[in-house]
Amino acid sequence: MHVDLDTLATALYVKIDDELKASPQLNPYRPKVGIAPRITDAELITVAVLQVLLGHHRENRWIRAARKAIGHLFPYLPKQPGYNKRLRALGHLLTQLIAVLAADTDLWRHPIRIADSTPVQCGTSRETVKRSDLAGWAGYGYCASHSRLFWGLRLHLVTTVHGLPVAFALTNPKTDERDVLIDLISLQPNMFHHPDGLILVVDKGYRDRTTETWLNDNNIDVVRPAYRTEPPRPARALLHAVRQNIESVNQTLKGQLDLERHGGRTPAGVTVRVLQRIPAMTAAIWHNWHTGQPIMRSLTAYDH
């Protein structure tokens with residue numbers, strides 16, 4: 001199988017379409033009487049993934065460019081208002097797609113998971129903060145990696161060692177990271193199970209005795225940085241070896257997939273724009289795995 005954008009788009013569309021046919025409950029409700037959409041949900045989600053891979057973070061410019069870049073793959077492409085409205089209504093399908101693609105590889109069966117969070121800035125001025133529809137969900141937080149304050153949200157992401165996303169959450173920056181981690185595991189226990197036990201590598205923001213005890217009770221061993229008062233912990237070599245993996249994943253989301261240039265101004269807008277980035281990276285890893293590529297998270301074949 002070839003590794004190029006057209007092949008990825010075709011394979012992704014077929015996978016989504018088959019999943020929607022096999023699980024009709026995932027399809028959004030539409031009345032039997034009325035105007036039938038000219039572009040299917042599977043086609044629309046595929047277009048949304050290609051938008052991110054090709055580096056278009058503004059929908060109006062993307063719709064114009066899409067007619068030239070991918071018009072040969074889709075008999076109909078909607079105008080910007082229709083695309084915007086349909087995409088926001090399919091947020092639950094984008095979330096479902098991440099799990100579907102992950103489960104269609106054997107990468108998620110690896111016994112190691114890595115958890116980390118990264119800022120998603122949503123405003124840079126006081127006036128924006130005062131007027132934003134995101135107020136109440138977004139808030140002020142601190143980014144230790146860059147030693148700066150930011151106003152926005154925090155993306156919590158759990159991946160395999162290959163960078164394949166298996167769980168994520170978008171929260172207020174002040175939400176306790178340990179509570180978010182427990183919720184992610186509780187909501188998707190099948191993604192945090194391994195017959196020989198799971199190893200979870202976390203940063204210091206996710207560590208405390210209560211959380212570690214809860215994880216151990218759920219057959220999850222925690223690899224984390226030691227407290228200053230603790231002796232060196234076992235598996236610290238593993239911690240240093242794989243910590244860079246999640247940092248590299250975050251850099252892929254921000255550098256190649258323009259996570260911080262999402263342009264969302266409402267909760268629905270921010271959510272769906274962040275959601276676009278995660279399935280896009282998942283789709284690339286999924287396709288690279290099926291085509292036997294040596295580097296799972298490489299986007300080079302799909303970004304032009």
Side-chain angles (χ1 to χ4, degrees), residues 95 98-99 101-103 105 107-120 141-146 150 152-194 196-227 230 233-254 257 259-260 271 274-275 277-279 281-282 285 296-297:
T95 303
I98 297 168
L101 295 179
T105 73
L107 301 178
W108 72 279
R109 301 181 188 276
H110 195 279
I112 298 177
R113 298 283 185 273
I114 313 171
D116 197 12
S117 66
T118 189
V120 180
Y142 180 72
C143 176
S145 300
H146 299 89
F150 70 96
L153 302 165
R154 187 171 286 278
L155 175 64
H156 300 262
L157 190 64
V158 182
T159 74
T160 67
V161 292
H162 319 85
L164 180 71
V166 296
F168 71 94
L170 200 58
T171 70
N172 182 284
K174 291 185 172 61
T175 302
D176 195 311
E177 294 179 317
R178 295 161 292 191
D179 292 339
V180 176
L181 180 62
I182 290 175
D183 287 343
L184 288 175
I185 296 172
S186 301
L187 290 171
Q188 301 186 62
N190 58 315
M191 288 295 181
F192 292 88
H193 172 74
H194 193 274
D196 299 323
L198 197 72
I199 298 172
L200 181 63
V201 180
V202 300
D203 200 357
K204 59 184 180 181
Y206 294 97
R207 67 183 181 186
D208 75 348
R209 182 173 298 175
T210 303
T211 302
E212 189 165 349
T213 300
W214 185 90
L215 292 169
N216 291 337
D217 291 342
N218 284 271
N219 202 28
I220 299 175
D221 292 324
V222 180
V223 176
R224 60 167 176 79
Y227 291 105
E230 283 185 311
R233 288 175 56 86
R236 60 185 182 275
L238 175 64
L239 175 67
H240 296 309
V242 303
R243 275 298 304 161
Q244 289 301 318
N245 287 34
I246 191 68
E247 296 294 342
S248 180
V249 170
N250 289 336
Q251 183 56 39
T252 299
L253 286 169
K254 292 187 173 185
L257 300 181
L259 177 64
E260 291 196 324
T271 299
V274 171
L275 278 175
R277 270 75 181 171
I278 301 175
M281 185 169 66
T282 306
I285 296 172
M296 292 292 108
R297 209 176 62 254

Measuring from [X]:[atom1] to [Y]:[atom2], what's the distance to the nearest 0.5 Å?
X	Y	atom1	atom2	value
Asn219	His194	CG	NE2	10.5 Å
Glu212	Asp221	CD	CG	9.0 Å
Arg178	Asp208	CZ	CG	4.5 Å

- [ ] Would you check if there is a donor-acceptor pair between the side chains of Asn172 and Thr175 at a distance under 3.5 Å?
- [x]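 Looking only at side-chain atoms, Asn172 and Thr175 do not form any donor-acceptor pair under 3.5 Å.
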
Do [X] and [Y] come close enough that some side-chain heavy atom pair is under 4.5 Å?
X	Y	answer
Tyr142	Lys174	no
Leu155	Ile278	yes
Met281	Val249	yes
Arg113	Thr159	no
Ile185	Leu181	yes
Leu259	Val274	yes
Leu253	Leu157	yes

Treating [X] as the side-chain partner and [Y] as the backbone partner, does any N or O pair qualify as donor plus acceptor under 3.5 Å?
X	Y	result
Arg277	Leu257	yes
His162	Arg297	no
Asn218	Ile220	no
Thr211	Arg207	no

Shortest non-hydrogen separation from [X] to [Y] and the atoms involved:
X	Y	answer
Trp108	Asn190	CZ3-O, 3.4 Å
Val158	Ala115	CG2-CB, 4.0 Å
Ile112	Leu198	N-CD1, 4.4 Å
Pro111	Gly197	CB-O, 4.1 Å
Leu170	Val120	CD1-CG2, 4.2 Å
Pro165	Ile98	O-CG2, 4.0 Å

Less than 4.0 Å between a side-chain N and a carboxylate O, is that true for Glu230 and Arg224?
->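 Looking at Arg224 and Glu230, the cut-off is met.
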
Could you walk me through whether Tyr206 and Leu200 pass side chain to side chain contact (heavy atoms under 4.5 Å, CB included), step by step? CA-CA 11 Å; Tyr206 294 97; Leu200 181 63; over 6 Å; no

The single option from Lys254, Gln251, Glu260, His156 that satisfies side-chain hydrogen bond (donor to acceptor under 3.5 Å, both in side chains) with Thr118 is Lys254

